[in-house]
Structures are given as structure tokens and as C-alpha cells.
Amino acid sequence: MQRLIRVLVVEDDTATRVLLAELLAEEGYVVDVAAHGVEALERARTALPDVVLLDVHLPFMDSGTFREALLGLDGGDRAKVLILTAGFNARETTERLHAHAYLEKPFDIGQLLATVSALAGGG
């Protein structure tokens, strides 16, 4: 039996968050969603994700603070983080947050799914 991969989508834009959750669920991932960093940390504490899709610009708790808190959770260092950003410094932001990959918005859905699969260990 194949292990289910848990993906946490952290995105403050409702339409984007819903779209990402639906796409990932259709691919067979177990998907949790959060609109901001505080909610994301709550979700991660309840069920540690394998992959986190992390929007850089979040209300209430910025992505950097969330990432530090995630790393502080037991096993949180194993979660792979994919940065989603419309910013110009995507590579630098990815390095600063010790993330594993990034995609610039707007991103290609096929590229997003391939990246999530690779981070999850599926390719």
C-alpha cells in the first residue's frame, strides 16, 4: 500500500487556495489548507505535512516566521517547502527561508504538479 502524501497549501488568496487544493486532491494528495501563517502552523501541529506550498506574502504571520516555527516542530525539518511568489527575488527568498523549491506566479499547473511530486519523493 502506498503511503498518502499530505500537502499543506498556505495561500491568502481564496480562489488560488481552492484551485490548488482541488488540483492536488485530484492527484491523490491529502490536502490541508490555510489562509495565513497562524492557521498554517495550527494545521502543521495537527498533522505534519510532507510538502508545504507557501505563499510568501501572508497576513498575521509572515512566511519566514511560519518557516522557523515549522522547523521547530518535531519532524518539521522533513517537510519540503515550495515557495509560491509573485516577487522578483524568488531565488533569494527561497534560500532565505531554507525552502526546497520555488515557482513564480503565475505558474504552470503541470510544472506545479511535477514539482510537488518530486518534493514528495514521487519523481
Side-chain angles (χ1 to χ4, degrees):
M1 187 170 141
Q2 186 176 356
R3 183 176 80 86
L4 295 176
I5 303 295
R6 182 173 296 279
V7 178
L8 174 59
V9 176
V10 188
E11 168 62 60
D12 62 328
D13 180 76
T14 302
T16 303
R17 186 173 61 249
V18 169
L19 174 66
L20 289 171
E22 288 175 356
L23 287 168
L24 292 164
E26 286 174 10
E27 293 293 312
Y29 296 105
V30 176
V31 182
D32 289 325
V33 296
H36 52 77
V38 174
E39 186 179 19
L41 190 55
E42 243 175 63
R43 299 277 189 272
R45 282 187 179 126
T46 302
L48 195 64
D50 298 293
V51 179
V52 178
L53 275 61
L54 182 61
D55 183 19
V56 172
H57 301 288
L58 296 170
F60 305 117
M61 177 189 289
D62 66 51
S63 56
T65 304
F66 167 76
R67 180 65 173 130
E68 285 179 26
L70 179 64
L71 287 169
L73 295 179
D74 187 31
D77 58 328
R78 292 191 303 272
K80 305 295 185 199
V81 177
L82 171 59
I83 297 294
L84 302 177
T85 182
F88 295 103
N89 299 320
R91 181 172 283 122
E92 293 84 359
T93 301
T94 301
E95 290 172 5
R96 179 175 53 82
L97 296 179
H98 304 288
H100 301 85
Y102 70 90
L103 289 175
E104 293 183 21
K105 295 177 182 179
F107 45 79
D108 176 78
I109 297 301
Q111 186 179 15
L112 171 85
L113 295 175
T115 304
V116 170
S117 177
L119 290 174

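Just so it is clear, the values below take in all heavy atoms, side chains as well, and ignore hydrogens, waters and symmetry mates.
Using a 4.5 Å heavy-atom threshold, the side chains of Asp55 and Thr16 count as separate. Side-chain atoms of Thr93 and Tyr102, non-hydrogen and from C-beta on, never get closer than 4.5 Å to each other.
Distance check: Leu48 CG to Asp77 CG gives 9.0 Å after rounding to the nearest 0.5 Å. One finds the CD atom of Glu39 at 10.0 Å from the CG atom of Asp32 (value rounded to the nearest 0.5 Å). In this structure, NZ on Lys105 lies 3.5 Å from CD on Glu11, to the nearest 0.5 angstrom. We find the CZ-CG distance between Arg17 and Asp12 to be 7.5 Å, quoted to the nearest 0.5 Å. Atoms CD1 and OG1, on Ile83 and Thr94 in that order, are 5.5 Å from each other to the nearest 0.5 Å. We find the CZ-CZ distance between Arg96 and Arg67 to be 12.0 Å, quoted to the nearest 0.5 Å.
Taking Ala15 as the reference, Asp13 meet the side-chain contact (heavy atoms from CB on, under 4.5 Å) condition, with sequence neighbours excluded. Remark: Ala101 pairs with Leu82, Thr115, Leu119 by the side-chain contact (heavy atoms from CB on, under 4.5 Å) rule, at least two apart or across chains.
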Take Glu95 and Arg91, measure what salt bridge (Lys or Arg N to Asp or Glu O under 4.0 Å) needs, and give me the verdict at the end.
CA-CA 6 Å; Glu95 290 172 5; Arg91 181 172 283 122; 5.1 Å; no

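Hydrophobic cluster membership differs between Leu73 and Val30, with clusters built from Ile, Leu, Val, Met, Phe, Trp and Tyr side chains linked at under 4.5 angstrom. Tracing side-chain contacts under 4.5 Å through hydrophobic residues (I, L, V, M, F, W, Y), one reaches Val116 starting from Leu84; they form part of the same cluster. There is a path of hydrophobic side-chain contacts, each under 4.5 Å, that joins Met61 to Val81. The hydrophobic cluster containing Val18 does not contain Leu24, counting ILVMFWY residues as joined when their side-chain heavy atoms lie under 4.5 angstrom apart, directly or transitively. Residue Leu53 is grouped with residue Ile109 when hydrophobic side chains (ILVMFWY) are merged at heavy-atom distances under 4.5 angstrom, including chains of intermediate members.
The shortest heavy-atom contact between Ala120 and Tyr29 is CB-CE2, 4.4 Å. In plain terms, the two heavy atoms of Asp50 and Leu4 that are nearest each other are OD2-O, 4.0 Å. For the residue pair Leu8 and Ala40, the shortest heavy atom distance occurs at CD2-O, 3.7 Å. Scanning both residues, Leu58 and His36, for their nearest heavy atoms gives CD2-CA, 4.4 Å. Nearest heavy-atom pair, Leu113 versus Leu23, reported as atom, atom and distance to 0.1 Å: CD2-O, 4.5 Å. The two residues Leu70 and Ala79 have their closest heavy-atom pair at CD2-CB, 4.1 Å.
Listed for the Asn89 side chain is no donor-acceptor partner under 3.5 Å among the backbone atoms of Glu92.
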